[in-house]
Amino acid sequence: MKTVRKKWMMLLLLSMAVLLLFTGCKASKKKVLSSSYYKELKKENNRLKKENKTLQSKVDKENDLTADEQRSADYLEKIARDHLVKLEVGYADRMEDSKFIEDEAVFSMATAIAQRADKVSRYSPDEISQKFGPGYQYVLYDEDNAVYEIIVYDGNYVVFTDLPDNVYYAYNASAIGEAFLHYKNGYPNSSLMHRLADTPLITDKKGHFFENDVAFSSANFIDQMSKKKTDEETAKKQWGKKASKKIKKAKEYIFHHHGNTMELVIYDEYFTITNMNGKTVWYHAQPETVTKLKEFFKVKKTDKSADEETTESDISDSHYDEVEAEDYK
C-alpha cells in the first residue's frame, strides 16, 4: 500500500512539473510540447500510470477474502446484528446446570462478542482447549430459530462451533459466564464494596450493559464519597409532593456478580444499594456528588441501544493490540 502511495506522489510531482512548464515559463506552448524534456516527462508519466495500475490490481487481489474468510466474516456479522430472544449460559463441561436469560442488555453483550472477535493464529481450537480446559458455553437463540454456540476460554478467547477451525480473541467474552454462574468452588467472603467493584456485568432496564471498568470505578467512588446513611421515609419527606416523580426518574442498575445480584438506584441526592441478601441501605450525599456518580453510567450515542437521554459505556478497543501481540509471540 505504501508503494502505491509513493507512485501516486511521483505522479503528482510530475503533474506539478508539467503545470509549471505551462504557467511558470515564458516559452511558448508549442516549444514546451516539442521539447525533449517534456517528452521524457510524458513517457515517464505513462510508465508510472501503467505500473500504478498493476500495483493497485495486486493490492486489490491481496485484500480479497478467501471463501472461508468471507463465510466467517458473514457469520460474525449476522450474530452481531441479530435479534436474540433467549440466551443459555453454562460451564461447557456441565451444561445440564445452565441458566436461561431473557434480557436485552445481556443479548447486547452477547452479540458484542461477535463484534469484537478478531481471528488469532497462535492457537488452534484443539490447542486452546487443551491449554485452558473447558470454559463457558453460550447458546444464542434468535427470533428466526437460528442457534449460535460460543465456547469461551481463559476470559477472552472464543471458538464459534459453526467456525470450528478458528480461534478468536474477543475482549471480555467471559463476562456473561462470570456474571450469571456461581463459582464451582464457591466465592470467598468479601465486603459489599468489593463485590460491587468485582462485578463483571451491569445491566439497566433500557437494554444497556456496562462492564467491569464501570463497576470498579463506580464502587470505588461510592466507597470514598462523603455520604451518610438514611432511610426511605426521610427521603420521601424531603421530596414531599415530588416523591413519586423522583422515584419514577431514578436510575436503576443491576450488578450481576457470579450468580448473585446487587442493585444500585440513583435519585437526586439520594441513592440506595441492595445487597445480594436483599437488604437495602439508603444513602444521602451532596447533589453534585450524586451527579458525578451518574456519570459513570453514561453511554455513547454509537450504542445501538442508546436513547436520547444517554450516551454508551466506553468499551476498550485495546484488544486489537493484544491480538497482534498474540500472533507474533
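Note: hydrogens, waters and symmetry copies are ignored here, and every other heavy atom, side chains too, is used.
Between L196 and M262 the shortest side-chain heavy-atom distance falls below 4.5 Å. Side-chain contact check for S72 versus N166: some heavy-atom pair is nearer than 4.5 Å. You'll find the side chain of D97 stays beyond 4.5 Å of the side chain of Y91, heavy atoms only. For the pair K206 and E104, the minimum side-chain heavy-atom distance is 4.5 Å or more. Under the 4.5 Å side-chain criterion, counting only non-hydrogen atoms from C-beta, V106 is in contact with I176. Contact check for D268 versus K246: side-chain heavy atoms found under the 4.5 Å cut-off. Using a 4.5 Å heavy-atom cutoff, the side chains of I266 and L293 are in contact.
The backbone N or O of P125 sits nowhere less than 3.5 Å from a side-chain atom of S129 that would complete a donor-acceptor pair. Between the T261 side chain and the H257 main chain, no donor and acceptor come within less than 3.5 Å of each other. Checked by atom type and distance alone, the side chain of Y138 pairs as donor or acceptor with a backbone atom of G177 at under 3.5 Å. For H258 (side chain) and E178 (main-chain N/O), a donor-acceptor pair under 3.5 Å exists by modelled atom type. At least one donor-acceptor pair closer than 3.5 Å links the side chain of R195 to the backbone N or O of S190. Looking only at distances, no side-chain donor or acceptor of T234 sits under 3.5 Å from a matching main-chain atom of T230.
Contacts of K86 classified as salt bridge (charged side-chain N to carboxylate O under 4.0 Å, His left out), with partners at least two apart in sequence or in another chain: none. Taking the ring-ring contact (aromatic ring centres under 6.0 Å, His included) definition, one finds that H284 meets it with Y270, sequence neighbours left out. Remark: K227 engages I222, M225, F271, Y283, A285 in a side-chain contact (heavy atoms from CB on, under 4.5 Å) (not counting sequence neighbours). With sequence neighbours excluded, the residues satisfying side-chain contact (heavy atoms from CB on, under 4.5 Å) with D223 are M193. Remark: K99 pairs with no residue by the salt bridge (charged side-chain N to carboxylate O under 4.0 Å, His left out) rule, at least two apart or across chains. Listed by chain and residue number, N275, K279 satisfy the side-chain contact (heavy atoms from CB on, under 4.5 Å) test with N277 (two or more places apart in sequence, or in another chain). When the salt bridge (charged side-chain N to carboxylate O under 4.0 Å, His left out) test is applied to D142, the partners found at least two apart in sequence or on another chain are K78. The side-chain contact (heavy atoms from CB on, under 4.5 Å) check on A215 picks up T199, I202, N212, F255, with sequence neighbours excluded. Contacts of K184 classified as salt bridge (charged side-chain N to carboxylate O under 4.0 Å, His left out), with partners at least two apart in sequence or in another chain: D93.
No chain of hydrophobic side-chain contacts below 4.5 Å, direct or via other Ile, Leu, Val, Met, Phe, Trp or Tyr residues, connects W282 to I273. Note on F296 and F216: separate hydrophobic clusters, where clusters join Ile, Leu, Val, Met, Phe, Trp and Tyr whose side-chain heavy atoms are under 4.5 Å apart, directly or indirectly.
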Trace of the side chain to side chain contact (heavy atoms under 4.5 Å, CB included) decision for V158 with I113 | CA-CA 9 Å; V158 299; I113 294 173; 4.3 Å; yes
Mind running side chain to side chain contact (heavy atoms under 4.5 Å, CB included) on V290 and Y267 for me, showing each step along the way?
-> CA-CA 8 Å; V290 178; Y267 302 94; over 6 Å; no
Derivation of the side chain to side chain contact (heavy atoms under 4.5 Å, CB included) call for F209 and D103 | CA-CA 10 Å; F209 69 88; D103 186 323; over 6 Å; no
Would you sort out whether V167 and E127 count as a side chain to side chain contact (heavy atoms under 4.5 Å, CB included), showing the intermediate values?
-> CA-CA 10 Å; V167 175; E127 289 171 339; over 6 Å; no
Given Q130 and D126, is the side-chain hydrogen bond (donor to acceptor under 3.5 Å, both in side chains) satisfied, shown in steps?
-> CA-CA 6 Å; Q130 292 174 8; D126 287 338; 5.9 Å; no
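A donor-acceptor contact closer than 3.5 angstrom links the side chains of T203 and H256. With no hydrogens or angles considered, a side-chain donor-acceptor pair links D74 and Q70 at under 3.5 Å.
Applying the salt bridge (Lys or Arg N to Asp or Glu O under 4.0 Å) definition to pairs two or more places apart or across chains, those involving residues 229-240 are E232-K236. For residues 146-164, the set of pairs meeting the salt bridge (Lys or Arg N to Asp or Glu O under 4.0 Å) definition, not counting sequence neighbours, is empty.
Connectivity analysis of hydrophobic side chains (ILVMFWY, heavy atoms under 4.5 Å, direct or indirect) links V139 to V85, M95, F100, Y141, V147.
Using the six-membered ring where Trp is involved, F210 and H208 have ring planes that are perpendicular, over 60° apart on the 30 and 60° scheme.
The aromatic ring centroids of Y168 and F160 lie less than 6.0 Å from each other.
Classification of E288 and K294 as a salt-bridged pair fails, no side-chain N sitting under 4.0 Å from a carboxylate O. At a threshold of 4.0 Å, the pair D204-K251 does not count as salt-bridged, since none of the basic side-chain nitrogens sits closer than that to a carboxylate oxygen. With respect to K298 and E295, a salt bridge is recorded, a charged nitrogen being found less than 4.0 Å from a carboxylate O.
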